[in-house]
Amino acid sequence: MKIKALWLRFQDSALSRVIFNAQVNQIVHNVLPQAYHDNEKYRDYLTAQVRKSFALSNKEKDVKQRTIYLTGKLAQFLPIARQNAHLLCLGCRDRMELDYIEEKCKVKVTGLDLFSQDPRIQVGDMHHMPFENDKFDGIYACHVLEHAYDLDRALKEMIRIIKPGGL
């Protein structure tokens, strides 16, 4: 009886891995055409980033202390009249960070990540963002830039999409 139970758990685990790998591959396929589409090293980098982020996406249930701290700092630098301000939150993964920033800073927030679990999070890559020039009043990126494949390109994209004088 124990062997049968172990075998069933193994089969469930193997099926979970197959499903997880298929989901990761689909996410990579959706993002890959946007930047570095013909670069094998980038594909490997992207697959590793998606695998790590996607694995964590259903485990984290609370806003991180760093988000609480940095959002407090962000609110200090935003103009008082900010009801029309529009921020980009890079690498947000899920809605918790967006909700917290919107609530504490009283601004509209759009997210960008390699996959989305919320309609406010657009699927994309920081190396080739799907936004027009001068779109955002500010950009919030916490624990994101260290994951850049090409830091210069990611920073140039941030500069491109932020309004003059943006935060």
Exercise for the section: Answer with yes or no whether the hydrophobic clustering places Phe77 together with Val109; edges join I, L, V, M, F, W, Y residues whose side-chain heavy atoms lie under 4.5 Å apart. Expected result: yes
Practice task
Compare every heavy atom of Ser116 with every heavy atom of Asp118, then report the nearest pair and how far apart it is.
Solution key: O-OG, 2.6 Å
Problem - For the student: nearest non-hydrogen atoms of Asp113 and Gly91, plus distance - result: OD2-C, 3.3 Å
Fill in the blank from the handout: When rounded to the nearest 0.5 Å, the distance separating SG of Cys89 from CZ of Arg95 is 13.5 Å
Problem - Short N-O contact, Lys104 and Asp99, less than 4.0 angstrom - result: no
Problem - Distance in Å, Met126 CE paired with Leu88 CG, rounded so as to fall on 0.5 Å steps - result: 11.5 Å
Problem - Donor-acceptor pair, side chain of Arg153 and main chain of His127, under 3.5 angstrom - result: yes
Practice task
Could you tell me how the ring of Tyr149 sits relative to the ring of Tyr45: parallel (under 30°), tilted (30 to 60°) or perpendicular (over 60°)?
Solution key: tilted
Fill in the blank from the handout: Interatomic distance, CD1@Ile101 vs NZ@Lys108, rounded to 0.5 Å, equals 14.5 Å
Handout entry: Spacing of Leu112 atom CG and Glu157 atom CD [to the nearest 0.5 Å]
Key = 9.5 Å
Problem - Exam field: side chain Arg160 to backbone Leu155, donor-acceptor pair closer than 3.5 Å - result: no
Practice task
State the NE2-CG distance between His128 and Asp150, to the nearest 0.5 angstrom.
Solution key: 13.5 Å
Solution key, residues 135-148 side-chain donor-acceptor pairs under 3.5 Å, sequence neighbours excluded:
from   : atom 1 : to     : atom 2 : distance (Å)
Asp137 : OD1    : Lys163 : NZ     : 3.3
Asp137 : OD2    : His86  : N      : 2.8
His143 : ND1    : Glu146 : OE2    : 3.2
Glu146 : OE1    : Val144 : N      : 3.3
His147 : ND1    : Gln49  : OE1    : 3.2

Exercise for the section: Please round to the nearest 0.5 Å and tell me the distance separating atom OG1 of Thr67 and atom CG of Leu74. Expected result: 11.0 Å
